[in-house]
There are 4 protein chains.
Amino acid sequence: MSFPKLFCETARGLPAKRERRKEARPGELLAAALELFVEKGFAATRADEVAKRAGVSKGTLFLYFSSKEELFKAVVRDNISGRYPGWAAEFEAFEGSTADMLRYAMNSWWTSVGATKASGISKLIMSEASNFPELAAFYQKEVIEPGHALIRRILQRGIDRGEIRPIDMTQAVHIIMAPLLYLVMCKHCYGTFADESARLVPEEFLATQVDTLLDGLSLRQADNVTPDRKAKPQ
Amino acid sequence: MSFPKLFCETARGLPAKRERRKEARPGELLAAALELFVEKGFAATRADEVAKRAGVSKGTLFLYFSSKEELFKAVVRDNISGRYPGWAAEFEAFEGSTADMLRYAMNSWWTSVGATKASGISKLIMSEASNFPELAAFYQKEVIEPGHALIRRILQRGIDRGEIRPIDMTQAVHIIMAPLLYLVMCKHCYGTFADESARLVPEEFLATQVDTLLDGLSLRQADNVTPDRKAKPQ
Amino acid sequence: MSFPKLFCETARGLPAKRERRKEARPGELLAAALELFVEKGFAATRADEVAKRAGVSKGTLFLYFSSKEELFKAVVRDNISGRYPGWAAEFEAFEGSTADMLRYAMNSWWTSVGATKASGISKLIMSEASNFPELAAFYQKEVIEPGHALIRRILQRGIDRGEIRPIDMTQAVHIIMAPLLYLVMCKHCYGTFADESARLVPEEFLATQVDTLLDGLSLRQADNVTPDRKAKPQ
Amino acid sequence: MSFPKLFCETARGLPAKRERRKEARPGELLAAALELFVEKGFAATRADEVAKRAGVSKGTLFLYFSSKEELFKAVVRDNISGRYPGWAAEFEAFEGSTADMLRYAMNSWWTSVGATKASGISKLIMSEASNFPELAAFYQKEVIEPGHALIRRILQRGIDRGEIRPIDMTQAVHIIMAPLLYLVMCKHCYGTFADESARLVPEEFLATQVDTLLDGLSLRQADNVTPDRKAKPQ
DNA sequence: GATGAATGAGGATTCATTCAT
DNA sequence: CATGAATGAATCCTCATTCAT
């Protein structure tokens, strides 16, 4: 049975479809499922669709994942990878001001998480947490807590350097988190919530957010002195 | 047969079957629907369940709301957008500083929406928007847009009074919205996302948030502006 | 209780709605039901609608007719009245040719049955016969059989007068019936089967039908002699 | 476990569950649907019933026909409009007289439609057209219009050959249609409308009908035209 | 008698899951 | 291993009928 198969593959230059990527199957299914779960939610994603997008039959999907729930869990686990060690190292070595560091951190997050499919996982978790408490706990431990720790480190460094006023750390972390989560939610509810006039440009939003976070919205005399603020009066 | 019924009614407070309470029904159904929608999501909430929780039969539900979607819309109106006129009036009459006004607005929102089950609606919409575009559009039009308008009014008043520096209004609105949505998401992923140490006390968070929003996190000496804070060496 | 009622009626000149036509109720319900049954069929006619069109509540409908089926039966029975004795007398006295008699009979039928709501009963019976065999039998006996007898009488007279060639009477009766039933069905499926170009003008159709019935479609030399034929070439 | 199954299959002819017979299904479902639609009408036929009669589960029905309406359309195509191309071809090639052609056409229709369950479709449409306008439109376009076109072709050929006198085509078509519809209605109100003495023998009725259609009922002497027959004394 | 609020059985359709091939 | 035909539980909504007022 293997001979004709090989013959097939070499003769045509293309492996027969069914054989082409036998080992890649789970990965392709996970990728297809991620996209669809993010797009439509867990309940609304049909097994049929996932299978089709992965280029296999519905039966095959259940060969690899015993149920839709198991598929969902696998998708989430598969996508919560640790990008944190790399960031931690970068932050350890960072030498600029806290303002720059926050800007850098947020842009970094946006570039490597927020703007990518990975942000879909956050959206997915938010949406389906109550149906998958076990996964939510997992996410909390693997993603949220380490993320908070990184933010805390940046803030603590700012306080130590005298750039940030002493503040309740827990609250400060949430204050930093809020706009990030907001961006994720905006991004993934896009299209359905289309209000052109209020559309968010993430990079600009993050920059403005950092400025505001550091200096506030209040008008002060000194404001006249700083022409580089991005305010576009009304 | 009449005796047990009487007994039943008086002793347990259970209504007899086929009781006619036309005026009370909508409210009871809306309350039941709110609970269930928030608990289980729109799609996963079965009409029978809503009816049962409201103490009526399935048919009765459809007597008052022509479809599940209409029921949802009614829930939204009953719990969120129905409050806007009142807020708008209050804001019109408000006489304090912008800082006070923001605090007041946020607390108001927290008390009457954020802290109640109604906040679940926002979470729900985030989760299911893509599956029910018509509901998403309704929410956008009935909740988001008027909500943004209210925020814009507060900010514009602050600018007019010289308390807020001129700023791009669209972004500013999002900056105000972010922590509110964040609270909602935290609240409704609660229990699953339980990190005791990082737990948020909403009222405090909102207060801190307003302070930060207005004055920033940066350390200043007696409100002197440190010029080099504004340099962007990057 | 009757005193205030009377007072009411006389004082206002209009009887209170509920009182106005207590005895007319069944008739009004039957009339409304006839219209709706003919329009939409038995199954698709909602009790609610019948009641509303009759100006009463749904409950009242069931006060007079114990079920929708009973209402239907009552409608049919109510509308199958004997117009036959009158026709039989007219035919007895008729003195013209058979051709004239057929024309007269068909026009008579069209005017007093086909063009009126009464034809709806025929349509109704046709449509629902299989669901109401008892009614169908009733209709057969009360309407179809006497109708056939009338037609048979006309034809027999024609044969006796030497105007009609001897023919199997049973078949001839059906040959006369067919266009009548056809008209009824066309009339009542009108609007749904709208093909403007093929629209039937009943009076013309009946006239042409009688001509054809008597003289046929075949081309004969004699045709050149008869300029009053209604043929509109192509 | 395999033994009883085999036994079952061979002994009773009952298929094992989950038998895969993709090619046979549509036909079995269409046959079951035709029977049930004719027996009970479109609205009253439940999808489960069709499936059960075809020996499959409800789900399978919807695997082959996306909705009950589509199932109905397929039944119509399978039983009526699907035959038109064949008829059209036959008529194109027909070489006999118009009388023979009409006889042939009517017998053809009777044999393959009128005498079969398919004729129930026409009765059904008459009954339910107003409730399912889309189906009525479909029937009009797919069955009635092409059917009329076929008849028109026969008549036009007769005129062109000088066998039929020129006549308004629209009316002529209806004159041909009437007895066909009449047969259908008689057939399907059968049993309920049983009047033994007046029972119709369709083949004879159609033959007589064609004769009458062509030559009329009038008595003629050696085919001489009696001039006073055409006077209209009224 | 009259009302109309309440009931709940009934039916089309979807889709995760199974299993014969 | 892979397939995809088959299954049937699940759910929204309708509407004839009931019955408390």
Side-chain angles (χ1 to χ4, degrees), chain A residues 1 17-19 22 25 43-52 55-71, chain B residues 5 15-25 43-51 55-71, chain C residues 1 17-19 22 25 43-52 56-69 71, chain D residues 2 5 15-25 43-51 55-69 71:
Chain A
M1 204 170 110
K17 195 169 185 182
R18 188 185 295 190
E19 305 306 330
K22 212 176 229 172
R25 286 285 152 68
T45 295
R46 278 174 296 127
D48 249 353
E49 238 174 327
V50 174
K52 188 197 270 184
V56 299
S57 73
K58 199 169 24 166
T60 304
L61 169 60
F62 286 92
L63 215 57
Y64 288 99
F65 304 95
S66 64
S67 74
K68 208 172 114 177
E69 294 217 348
E70 284 308 317
L71 174 63
Chain B
K5 223 194 296 181
K17 278 182 184 180
R18 285 187 165 265
E19 199 180 356
R20 301 170 122 219
R21 311 195 303 154
K22 193 183 183 183
E23 306 76 24
R25 291 290 184 234
T45 296
R46 279 175 295 122
D48 321 33
E49 237 173 329
V50 174
V56 298
S57 73
K58 199 172 18 168
T60 304
L61 169 61
F62 289 95
L63 213 57
Y64 290 95
F65 304 95
S66 63
S67 72
K68 214 170 100 173
E69 297 218 345
E70 283 307 317
L71 175 62
Chain C
M1 205 170 108
K17 194 171 189 183
R18 188 185 295 192
E19 304 306 330
K22 213 177 229 175
R25 284 286 152 69
T45 295
R46 278 173 298 125
D48 250 352
E49 239 172 327
V50 174
K52 188 196 274 184
V56 299
S57 74
K58 199 169 24 166
T60 304
L61 169 61
F62 285 92
L63 216 56
Y64 288 97
F65 304 94
S66 64
S67 73
K68 209 173 114 177
E69 295 217 347
L71 173 62
Chain D
S2 63
K5 224 196 292 181
K17 279 182 183 178
R18 287 190 165 263
E19 199 180 356
R20 300 170 123 218
R21 313 194 300 154
K22 194 184 182 184
E23 306 77 23
R25 291 291 184 233
T45 294
R46 280 175 295 122
D48 321 33
E49 238 174 327
V50 175
V56 298
S57 73
K58 198 172 16 168
T60 303
L61 169 61
F62 288 95
L63 213 58
Y64 290 95
F65 304 96
S66 63
S67 72
K68 212 169 103 174
E69 297 218 344
L71 175 62

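Values in this document were obtained by computation on a predicted structure and should not be read as measured data. Every chain is numbered from 1 and lettered A, B, ... according to where its sequence line falls, protein lines coming before strand lines.
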Tell me whether the OP1 or OP2 atom of E/dA2 has a side-chain N or O from C/S57 closer than 4.0 Å.
no
Here the distance between atom C1' of F/dG4 and atom NZ of A/K52, to the nearest Å, is 13 Å
A/E49 CD to E/dC15 P: how many Å, rounded?
9 Å
Mind calculating the distance between CG (A/L61) and P (E/dC19) to the nearest angstrom?
17 Å
With the side chain of C/R46 defined as its heavy atoms from C-beta on, choose the nearest nucleotide among F/dC15, E/dA2, F/dT11.
F/dC15
Any base atoms under 4.0 Å from D/Y64, or only sugar-phosphate, or nothing? Heavy atoms, all strands.
sugar-phosphate
For DNA chain F, please output the secondary structure as dot-bracket, reading 5' to 3'. Pairs are Watson-Crick or G-U wobble, both atom distances under 3.5 Å; mark crossing pairs with [ ], other-strand partners with |, unpaired with a dot.
.||||||||||||||||||||
Residue whose nearest DNA chain F nucleotide is more 5′ - C/E69 or A/G59
A/G59
Regarding C/S66, tell me which of base, sugar-phosphate or nothing describes its non-hydrogen contacts under 4.0 Å with the strands shown.
nothing
Comparing nearest nucleotides in DNA chain E, the 5'-proximal residue of the pair D/A43, B/V56 is B/V56
Under the side-chain contact (heavy atoms from CB on, under 4.5 Å) test, residues paired with B/A43 that sit two or more places apart:
B/E128, B/F132
Identify each donor-acceptor pair in which a side-chain atom of residues 58-67 of chain D lies under 3.5 Å from a protein atom, sequence neighbours left out, and give them as a table.
{"from": "D/T60", "atom 1": "OG1", "to": "D/S57", "atom 2": "OG", "distance (Å)": "3.3"}
{"from": "D/S67", "atom 1": "OG", "to": "D/E69", "atom 2": "N", "distance (Å)": "3.4"}
{"from": "D/S67", "atom 1": "OG", "to": "D/E70", "atom 2": "N", "distance (Å)": "3.2"}

List for me each residue that meets side-chain contact (heavy atoms from CB on, under 4.5 Å) alongside A/A44, sequence neighbours excluded, and say none if there are none.
A/K40, B/N131
Presence of donor-acceptor pair under 3.5 Å, side chain of D/K68 and base of E/dT13:
no
Closest to the side chain of D/A47, out of E/dT13, F/dC12, F/dC13, is E/dT13
Salt-bridge present (A/R46, A/E49; N to O < 4.0 Å):
yes
Nearest whole angstrom, please: distance from the P of F/dC12 to the CZ of B/F65.
16 Å
Can you tell me if the side-chain N/O atoms of C/T60 get under 4.0 Å from OP1 or OP2 in E/dT3?
yes
Quick one: which of E/dG10, E/dA16, F/dT17 gets closest to the side chain of B/K58?
E/dG10
Shortest side-chain distance from C/F62, nucleotide among E/dA16, E/dG11, F/dT18:
F/dT18
Rounded distance (Å) that lies between atom C1' of F/dG4 and atom CG of A/L63:
13 Å
Without decimals, in angstroms, what is the distance between D/D48 CG and F/dA9 P?
12 Å
